[in-house]
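Within every chain, numbering begins at 1; the chains are lettered A, B, ... in the order of the sequence lines, protein sequences first and strands thereafter.
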Protein chains: 2
Amino acid sequence: MPTTAPSPRDRLLETANRLFYSEGIHTVPVDRLVTEAGVTRATFYRHFPAKEDLVVAYLRATDARLRGAVESAVARDGADSGLSGVLDLIGETTCAAGFRGCHFINAAAEYPNASAPVRVAIAEHRAWFQQAVTDLAARSGHPDPDYAGRVLVLLHDGALSGAQLDDPEAVRRTLVRAGRDLLGLPAPE
Amino acid sequence: MPTTAPSPRDRLLETANRLFYSEGIHTVPVDRLVTEAGVTRATFYRHFPAKEDLVVAYLRATDARLRGAVESAVARDGADSGLSGVLDLIGETTCAAGFRGCHFINAAAEYPNASAPVRVAIAEHRAWFQQAVTDLAARSGHPDPDYAGRVLVLLHDGALSGAQLDDPEAVRRTLVRAGRDLLGLPAPE
DNA sequence: TCAACAAGAACGAACGTTCTGGCTACCTCG
DNA sequence: CGAGGTAGCCAGAACGTTCGTTCTTGTTGA
């Protein structure tokens with residue numbers, strides 16, 4: 001039996017995630033969103049006062065999904081610190097089909113005003129990730145976890161940009177090797 | 001005596017560089033461009049058949065400027081390989097006032113179609129930079145210049161994204177330290 | 001009965017682009 | 001030298017389209 005159909009709001013969020021990520025935000029009109037989500041304009045504006053509110057909701061949903069993915073990757077690493085799992089996760093992400101860079105960096109390019117709600121959501125996501133990898137570095141016994149965390153963020157951002165514009169597989173290999181070198185992790189089997 | 005006034009085309013390019021970079025491309029209408037450049041619409045469309053042609057010209061002009069900046073940084077390094085100078089150049093760039101990330105990565109976020117002329121210009125710029133730092137790594141005697149070049153691009157892209165969204169000075173320090181670690185350069189004085 | 005939704009028309013603003021008309025500088029050819 | 005043409009530019013109106021947002025009406029299900 002089919003599961004219950006997702007609510008209009010969820011369909012809008014799912015459509016927003018697909019279209020905003022693959023085609024950009026300003027280039028996707030409300031028309032496309034409501035058509036492909038199978039809802040009417042009235043329904044759209046009942047759930048989101050304006051298009052920008054959907055953008056923020058889209059980023060927050062993406063943030064929640066990524067937090068879950070990192071948690072899983074860390075858990076998969078078992079007794080290890082989790083840093084290796086996070087490196088692998090980034091590498092897998094950048095090589096996935098339809099990959100088009102970082103949801104948040106891309107959105108920031110379209111919202112230059114640093115105090116816009118969109119930018120607040122971006123800043124919150126980045127602050128979480130920075131803290132998460134710094135904690136992992138500390139847990140792994142790295143002598144300078146703050147530095148290690150910042151390097152991981154640097155490599156992460158660079159990989160997400162490069163994998164979209166250059167050769168994704170080469171970027172993935174470089175990321176994993178450089179991450180392990182810089183963090184003092186052993187080479188993979 | 002004042003130098004001769006720049007041509008309408010040059011004023012358009014200069015205005016495009018300023019506005020596109022600081023506010024994004026789709027968010028800046030042709031109205032703003034012609035008003036702030038002090039030209040008329042007719043003049044605009046005489047030099048550029050469409051807005052997208054100005055975007056491409058803006059990216060190519062930026063590309064030329066960056067090539068010159070890297071050349072100067074390498075030359076400043078004197079007898080050294082030039083890698084140190086390039087690292088410092090990136091660090092200075094990311095901390096400059098009005099910095100808003102990479103011209104090319106930002107533009108790519110607004111032009112998802114990988115075969116668009118804008119994306120071609122972006123690819124050409126990235127191919128040049130990749131080759132340039134790889135050459136420098138080879139000249140410095142790095143045992144694996146291809147790997148070193150790719151790491152430098154990774155760090156560069158990450159720094160440009162991070163400096164815009166996080167603490168620029170911390171990003172700069174992390175970039176220089178990580179770059180020197182990987183390249184086996186001595187720590188700065 | 002009421003709130004959520006479908007369907008679609010409608011609105012005002014903003015967009016990229018084209019057009020009309022007049023002014024000025026420069027080149028050409030007598 | 002000087003008349004006449006040509007090309008580049010200014011000023012601003014105009015066009016057709018698309019955008020984000022609102023409104024109207026009718027239907028469904030709790």
Side-chain angles (χ1 to χ4, degrees), chain A residues 1-59 107 109-113 116-119 121, chain B residues 1-59 107 109-113 116-119 121:
Chain A
M1 71 180 183
T3 60
T4 63
S7 71
R9 191 175 198 280
D10 288 341
R11 279 178 294 168
L12 274 171
L13 270 177
E14 184 251 324
T15 307
N17 180 60
R18 183 166 47 85
L19 296 184
F20 284 161
Y21 181 64
S22 64
E23 305 187 16
I25 295 172
H26 289 322
T27 59
V28 173
V30 174
D31 261 9
R32 290 262 327 271
L33 290 166
V34 300
T35 299
E36 301 207 15
V39 305
T40 63
R41 287 174 152 73
T43 302
F44 178 100
Y45 284 100
R46 187 174 311 113
H47 288 288
F48 304 98
K51 185 187 176 185
E52 187 165 340
D53 295 285
L54 175 61
V55 177
V56 173
Y58 145 69
L59 289 177
E110 299 203 51
Y111 287 85
N113 184 351
V118 167
R119 291 290 292 267
Chain B
M1 72 186 184
T3 62
T4 63
S7 71
R9 191 176 196 279
D10 287 342
R11 279 179 294 169
L12 274 171
L13 270 177
E14 184 252 323
T15 307
N17 180 61
R18 183 166 47 84
L19 295 184
F20 285 161
Y21 181 63
S22 64
E23 305 187 16
I25 296 172
H26 290 321
T27 58
V28 173
V30 174
D31 262 9
R32 288 262 328 271
L33 291 166
V34 299
T35 300
E36 301 207 14
V39 304
T40 62
R41 287 176 159 72
T43 302
F44 178 100
Y45 284 100
R46 188 175 308 114
H47 289 287
F48 304 99
K51 185 187 177 187
E52 188 167 338
D53 295 284
L54 176 61
V55 177
V56 173
Y58 144 69
L59 290 177
E110 300 203 51
Y111 287 85
N113 183 352
V118 168
R119 291 290 292 267

* Asked: Could you give the NE2-to-C1' distance, from B:His47 to D:dC10, as a whole number of Å?
  -> 13 Å
For nucleotides 7-15 of chain C, print each protein N/O atom paired with a nucleotide N/O atom at under 3.5 Å, atom names and distance only.
none

* Tell me: CD1 of A:Ile25 to C1' of D:dC19, nearest whole Å? -> 16 Å
* Compare side-chain N and O positions of A:Thr43 against OP1 and OP2 of C:dA4 and report whether any pair is under 4.0 Å apart. => no
* Asked: Got B:Val55 and B:Phe48 here, is their nearest side-chain heavy-atom distance under 4.5 Å?
  -> no
* NA contact type, B:Arg11, heavy-atom cut-off 4.0 Å: base, sugar-phosphate, or nothing? -> sugar-phosphate
* **Side-chain heavy atoms of A:Thr15 within contact of A:Arg18, under 4.5 Å** => yes
* Residue pairs passing the side chain to side chain donor-acceptor pair (under 3.5 Å) test where at least one lies in residues 19-30 of chain A, sequence neighbours excluded -> A:Glu23-A:Arg32
* Given atom CZ of A:Phe44 and atom P of C:dC5, what is their separation to the nearest angstrom? -> 14 Å
* To do: Ignoring hydrogens and angles, tell me if any N or O in the side chain of B:Arg119 forms a donor-acceptor pair with the backbone of B:Tyr111 under 3.5 Å.
  => yes
* **Where B:Leu54 and B:Leu12 come nearest, the two heavy atoms and their spacing** => CD1-O, 4.3 Å
* Spacing of A:Leu33 atom CG relative to D:dC19 atom P, expressed in whole Å -> 11 Å
* Select one nucleotide: of C:dC5, C:dT17, D:dT22, the one nearest the side-chain heavy atoms of A:Tyr45. => D:dT22
* Are A:Thr43 and A:Arg46 close enough that some pair of their side-chain heavy atoms sits under 4.5 Å apart? -> yes
* Asked: C:dC5 C1' sits how many Å from A:Phe48 CZ, rounded?
  -> 15 Å
